[in-house]
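Worksheet: the structure to be examined is printed underneath.
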Amino acid sequence: MPPTSPTPVNRDEAPLRAAVRKSVRERGDACPGALRLHAADDGRLARLRLPAGLLTPRQAEVVADAAERLGDGHLDLTSRGNVQLRGLGGSCGAELAERLHEAGLLPSETHERVRNIVASPLAGLDELPSADVQLWARELDGLLCASARAAALSGRFLFALDDGRGDVAALGADVTLLARRDGSAVVRTGANRSGLRVTPEDAPRAALLAAETFLTLAEASGSGAWRVRELPAEPGRGLEAAVRAGLTDAGIATESVAEATSRDLEGEPPLPGPVMSSDGTVALSVHARLGRLSVTQWRLLATAANGPLRVTPWRGVIVPGVAPAAADGVLDRLRTAGLITGPGSRWHGVGACTGRPGCAKALADVRSDAAAAVSRGSGGLPVYWSGCARRCGHPQGRWVDVVATGEGRYDISVRGDARPITTTTGPEPELELELADAVAAARTTPLTR
């Protein structure tokens with residue numbers, strides 16, 4: 001069924017137009033894509049949107065070949081389950097686009113930056129009962145690409161399709177579909193814990209309509225908002241009511257659902273290691289150190305899979321369909337190649353932005369500093385190293401925030417606590433171990449309320 005744009009509700013226009021009109025954005029959305037390349041200090045950057053993180057083996061090889069021939073030979077995994085190519089030449093845009101078109105990775109040039117859809121990566125692969133969020137993702141992607149209205153979404157607007165385990169529901173998406181045990185689905189917007197129950201058949205269309213309704217409210221408020229959380233107070237409070245009205249106009253029956261439980265919103269992401277599948281095979285959950293893979297590592301993952309790879313929002317890859325007898329051997333090869341294959345790895349939970357020299361805004365080589373500090377770590381809270389206060393790609397929830405304030409100088413705090421513990425380290429060479437120890441101590445900080 002073609003997507004239906006929601007009809008603005010007249011009774012809401014007056015308060016919307018009376019809301020704060022100051023724009024929260026002073027420039028247009030410059031979020032990179034596969035066609036709009038970003039000029040970084042290490043060359044051009046392309047970001048490939050992968051709805052639900054899915055890549056067939058053939059598509060995975062096309063991406064590896066593009067990284068090898070056109071870029072720096074590496075692939076970066078993002079916090080939205082997408083893939084970035086770096087070090088691209090200034091004149092390779094047309095060739096890259098042609099390769100991606102041929103592989104089926106660019107179904108709509110006008111929508112390629114708005115196809116930000118994450119889905120529970122283990123749905124249908126482990127032994128937990130789950131909704132078919134992969135089907136939702138395919139349908140929602142098709143609806144997005146068919147909607148002229150949806151092309152106006154920011155490249156940062158995010159859809160999360162959760163199969164009921166609460167993993168991607170905790171990622172702070174703009175529109176979340178949460179499967180329920182009774183077989184229905186709940187549509188949630190932004191940080192709202194309440195939502196609207198719909199049938200699973202209507203869920204993808206309801207998600208699109210919620211996004212289109214957000215666009216209507218953002219335009220009416222004059223805020224220039226890219227994300228639901230950026231809406232001014234009045235439109236933000238009225239979003240759920242406007243979504244309900246839009247769904248009703250589209251013939252989608254809804255029912256209000258009370259505040260979700262913590263379990264619905266705070267599920268655990270897949271740990272690295274083997275996962276038994278209901279069909280008797282094994283899915284391997286593997287993470288990339290600091291979210292970066294060489295093409296050699298990438299091809300090892302692709303050749304081990306019996307089915308599409310699933311790139312996760314935690315900078316990992318799910319390799320499905322491995323025979324049980326071969327699983328340990330495959331994991332050994334991946335571990336030898338430098339990948340994270342178990343939760344006991346010191347690299348598990350350690351992330352970083354690009355930093356120097358790839359990013360002009362970075363104040364430090366955060367990847368080198370993070371790697372040096374790993375040897376002193378012993379697990380605990382996730383830790384994320386940022387080259388500047390923008391904190392690009394940081395995780396959600398509770399995590400150790402390590403932000404560069406100069407070459408070798410960092411502020412360290414525990415984000416997500418009511419009373420964060422903060423420490424500052426200096427640039428002197430003898431303080432390198434102090435920095436590593438401070439990060440390690442922060443990762444074991446008890447929860448504060």
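Numbering of residues begins at 1 and proceeds along the displayed sequence. What you see is a predicted model, and the numbers here were worked out from it, not measured in a lab.
- For P269, the side-chain contact (heavy atoms from CB on, under 4.5 Å) partners at least two apart in sequence or on another chain are W314.
- Atoms CG and CG, on D279 and L125 in that order, are 8.0 Å from each other to the nearest 0.5 Å.
- Under the 4.5 Å side-chain criterion, counting only non-hydrogen atoms from C-beta, Q134 is in contact with R310.
- Checking V317, I340, L339 one by one against L334, the side-chain contact (heavy atoms from CB on, under 4.5 Å) holds for a single residue, L339.
- Under the ring pair (Phe, Tyr, Trp, His ring centres under 6.0 Å) criterion, the residue pairs touching residues 152-200 are F157-F159, F157-F214, with sequence neighbours excluded.
- Screening R188, R229, R227, R156 for a salt bridge (charged side-chain N to carboxylate O under 4.0 Å, His left out) with D174, the sole residue that qualifies is R227.
- Contact annotation: the side chain of R44 never approaches that of C92 to less than 4.5 Å [non-hydrogen atoms, C-beta and beyond].
- Applying the salt bridge (Lys or Arg N to Asp or Glu O under 4.0 Å) test to pairs two or more places apart or on separate chains, those with a residue in residues 102-113 are D29-R113.
- Under the 4.5 Å side-chain criterion, counting only non-hydrogen atoms from C-beta, R390 is in contact with C359.
- When the side-chain contact (heavy atoms from CB on, under 4.5 Å) test is applied to A67, the partners found at least two apart in sequence or on another chain are L75, L85, V295.
- Without hydrogens or angle criteria, S345 side chain to G342 main chain gives no donor-acceptor distance under 3.5 Å.
- Using a distance-only test at 3.5 Å, with no hydrogens or angles considered, a donor-acceptor pair links the side chain of Q297 to the main chain of A337.
- Ring geometry for Y384 versus W399: interplanar angle over 60°, hence perpendicular rather than tilted (30 to 60°).
- L140 places none of its side-chain heavy atoms less than 4.5 Å from the side chain of P51.
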Worked check of side chain to side chain contact (heavy atoms under 4.5 Å, CB included) between V403 and L363: CA-CA 9 Å; V403 181; L363 302 176; over 6 Å; no
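- Residues R415 and R391 meet the side-chain proximity criterion, which asks for heavy atoms closer than 4.5 Å.
- A distance-only check finds a donor-acceptor pair linking the side chain of R49 to the backbone of G155 [under 3.5 Å].
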Step-by-step side chain to side chain contact (heavy atoms under 4.5 Å, CB included) determination, L122 to L128: CA-CA 9 Å; L122 289 179; L128 293 178; over 6 Å; no
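- The shortest distance between side-chain heavy atoms of R443 and V350 falls below 4.5 Å.
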Working for side chain to side chain contact (heavy atoms under 4.5 Å, CB included), residues R115 and S108: CA-CA 10 Å; R115 300 168 66 228; S108 170; 5.8 Å; no
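- Applying the side-chain hydrogen bond (donor to acceptor under 3.5 Å, both in side chains) test to residues at least two apart or on different chains, the pairs with a partner in residues 351-369 are R86-T354, R356-E407, D365-S368, D369-Y410.
- Contacts of R58 classified as side-chain contact (heavy atoms from CB on, under 4.5 Å), with partners at least two apart in sequence or in another chain: T56, A103.
- By the 4.5 Å heavy-atom criterion applied to side chains, I412 and L435 are counted as neighbours.
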From CA spacing to verdict: side-chain hydrogen bond (donor to acceptor under 3.5 Å, both in side chains), R244, S256: CA-CA 9 Å; R244 183 187 300 110; S256 294; 3.2 Å; yes
